[in-house]
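Report on one structure; see the data block that follows.
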Amino acid sequence: MSQARGQFSSKLGFILAAAGSAVGLGNLVAFPVMASKNGGAAFLIIYLLFVAFICYPVMMAEIAMGRRAKRNPVGAFDAISGGSAKWRLTGMLAIITPFMIAVFYTVITVWLVVYLKELAGGGLDRLSQEETFGEIVAAPSLFGYAIVLLVGVFLILLGGVKGGIERLARVLMPTLAVMLVALTLFVLTLEGASAGIAYYLVPDFTKMSLSTVNGALSQAFFSLSLGMGILITYGSYFSREDSIPGSARTVAVMDTSIAFFAGLLILPAIFAFDPNTNTDDLSTSSVGLIFSFLPKIFLSMQAAVGYLGATIVAIVFFLLVFFAALTSLVSIIEIPISYWIDEFKMTRRKAVLTQAVLLTLFAIPATLSFGMSEFFTSFTSYGGLSKSFFDVVYDVFYETILPLVGFTVCLFTAYRWKMSGLTSELIIGDDNYEGSLLQRYLNFALGTIIPLVLFSVFVSTVIQIYL
Ligand code: PHE
């Protein structure tokens, strides 16, 4: 390869960038709602078990694959398998998935930009009206905002691994943590907040079911950015001096802590301002919750802190969500870019440009899926529901495919690379791994129960959504 590959400047750089990817809409919105609807602390316990016993090993396997091969996901499957066409093709899944996730994530991030602009102009009351969300997502002016956002995102990516991705995470991640803590403390001082905490944390085992368990695993997988090729690619930028098990653990702890904190923010906020909230009415989709439900909650704060105060709280919240979404978006677009660079020997500039064109091409129909174009809005139907182009991309690449990609990573590592290969990578930069309990667990589970669980979740999701 002619060009020097990008690399993170340090272990901290990697951790912040990986956490920047992991912390996103999934943590700030989907997790709190899921936890409160599915038995509170009971859900939390299952979630933690999945993170520790299923996700953490897959995380290490992905990072190790990337670091060993020093390539993008396709290149990693290819190089480690010794050029097997079958495994190379499997690796394609870990390129197509992030490519398509970027498509709908871009659309949602553009909406966040519009909301921020609207709030800055004093429009909190408009945003809290029922019909506003529908109007905003169907307005052609979205394309203007999309151009501004995408130019910004691709300029960051042009800055490369260290100067772009890592630099962004170094600034935004600490800011995000401070804002989250400050906002949470504010909400917890409100009268009525304790009802929300109780709802969030009191365990209710009667609400647990098979679909809760499935949901917890998919959520954990998604939240940690697994099955998207991200950690394989970031692993390829990770130094041989540092410990993979240690860094992956830190990222998992950070991601889970932020999800937990977000619950302490969102549910008390909802209950403080609407004590009669019936959580069955809370939208299951993060999108509905952020864009339709929460503005109403913020507006109702005006009784306590005035309209300006309520607007400021809303701006801080949406900025927080926007920062989280931006670092995730940048991370996911980097995967196809690394593919163009490695496999087609493109310069970074050319790869970024290529990806900008391709993403724009797909983002257009996804943006048109909310009423602007009848064709893309009523694109198809399955599972008894009419689905837009956006819905199809969302269902396939977000809801369904991640555990399948994780499954292929496990099989590849355990049976092609072999556990001895994985171990030989994991001991680099980590003196404690060899002979540890963790190593024994991975040797046993990565080729057996972990892929089995992932495959079962994949199958049951397919049945649930498409049949
Ligand atoms: N981990 C992110 C989240 O929790 C998911 C994600 C990562 C989505 C990267 C898109 C891009 O929201």
Side-chain angles (χ1 to χ4, degrees), residues 15-35 47 50-51 55-56 58-59 62 73 94-112 149-150 153 156-157 165 168-169 172-173 176-177 180 215-234 248 251-263 266 285-287 289-290 320-338 355 359 362-363 366 390 393-403 405-406:
I15 289 174
L16 286 175
S21 171
V23 174
L25 298 172
N27 304 62
L28 295 180
V29 194
F31 178 84
V33 176
M34 246 180 159
Y47 184 87
F50 277 145
V51 169
C55 298
Y56 178 48
V58 178
M59 258 178 118
E62 287 200 10
I95 294 289
I96 296 170
T97 302
F99 182 98
M100 295 309 282
I101 290 180
V103 171
F104 75 80
Y105 221 77
T106 300
V107 177
I108 299 180
T109 313
V110 172
W111 297 342
L112 287 170
L149 175 76
L150 288 177
V153 164
I156 293 166
L157 285 162
I165 301 174
L168 182 78
L172 291 192
M173 292 313 287
L176 184 148
L180 180 62
L217 181 74
S218 303
Q219 172 64 21
F221 224 71
F222 160 62
S223 185
L224 291 166
S225 293
L226 292 174
M228 307 177 186
I230 292 180
L231 291 176
I232 300 180
T233 310
Y234 276 21
V251 174
V253 169
M254 278 177 153
D255 184 66
T256 309
S257 312
I258 291 199
F260 179 76
F261 260 97
I266 297 214
S285 84
S286 324
V287 167
L289 191 90
I290 313 181
L320 182 78
V321 178
F322 174 68
F323 288 165
L326 186 65
T327 47
S328 295
L329 186 60
V330 165
S331 79
I332 207 151
I333 301 177
E334 172 66 12
I335 316 315
I337 289 179
S338 72
Q355 191 53 31
L359 177 62
F362 281 84
F390 179 99
V393 177
Y394 186 92
D395 285 349
V396 174
F397 291 97
Y398 203 55
E399 300 272 10
T400 319
I401 220 156
L402 305 182
V405 181

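Numbers here simply count residues along the sequence, with the first being 1. Just so you know, these numbers come straight off a predicted model, no measurement behind them. We count ligands from 1, going down the list as the structure has it; atoms in each ligand are counted the same way.
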Q. How many angstroms lie between atom CG of Leu224 and atom OG1 of Thr256, to the nearest 0.5 angstrom?
A. 5.5 Å
Q: Go through ligand 1 atom by atom and flag the ones less than 4.0 Å from a non-hydrogen atom of Ile230.
A: 9 (C)
Q: Report the member of Phe397, Tyr105, Phe221 with the shortest heavy-atom distance to atom 8 (C) of ligand 1.
A: Tyr105
**Q.** Reported OH-to-CG distance for the pair Tyr105 and Leu25, which is rounded to 0.5 angstrom
**A.** 3.5 Å
**Q.** Side chain, backbone, both or neither: Asp255 near ligand 1, heavy atoms under 4.0 Å
**A.** neither
(Q) Between ligand 1 and Leu329, is the shortest N or O to N or O distance under 3.5 Å? (A) no
Q) How far is atom 5 (C) of ligand 1 from its nearest protein heavy atom, and which residue and atom name does that atom have? A) Phe222 CE1, 3.1 Å
Q) Which protein heavy atom lies closest to atom 3 (C) of ligand 1, and at what distance to 0.1 Å? A) Ala22 O, 3.4 Å
Q: Give the C-alpha distance, both sets of side-chain angles, the deciding distance and a yes or no for side-chain contact (heavy atoms from CB on, under 4.5 Å) between Met228 and Ile101.
A: CA-CA 9 Å; Met228 307 177 186; Ile101 290 180; 4.1 Å; yes
(Q) Using a 3.5 Å cut-off on N or O atoms only, is Ser331 in polar contact with ligand 1? (A) no
Q | Criterion side-chain contact (heavy atoms from CB on, under 4.5 Å) against Tyr234, the qualifying member of Ser338, Ser331, Ser225 | A | Ser331
**Q.** Within 6.0 angstrom of Phe50 CZ, more than 12 heavy atoms from elsewhere
**A.** yes
**Q.** Spatial distance of atom CG (Leu326) from atom CG (Leu112) [nearest 0.5 Å]
**A.** 10.0 Å
Q. Are the side chain of Thr400 and the backbone N or O of Asp395 linked by a donor-acceptor pair below 3.5 Å?
A. yes
Q: Run the numbers for me: atoms of ligand 1, each under 4.0 Å from some heavy atom of Ser225, listed by number.
A: 1 (N), 7 (C)
Q) Atoms of ligand 1 less than 4.0 Å from Ile101 heavy atoms? A) 10 (C)
**Q.** Under 3.5 Å: N/O of Leu25 near N/O of ligand 1
**A.** yes
Q.
Check for me whether Leu28 has a heavy atom closer than 4.0 Å to any atom of ligand 1.
A. no
Q) Looking at Phe104 versus Phe397, is the centre-to-centre ring distance below 6.0 Å? A) no
Q: Pick one of side chain, backbone, both or neither for how Ser328 approaches ligand 1, counting any non-hydrogen atom pair under 4.0 Å.
A: both
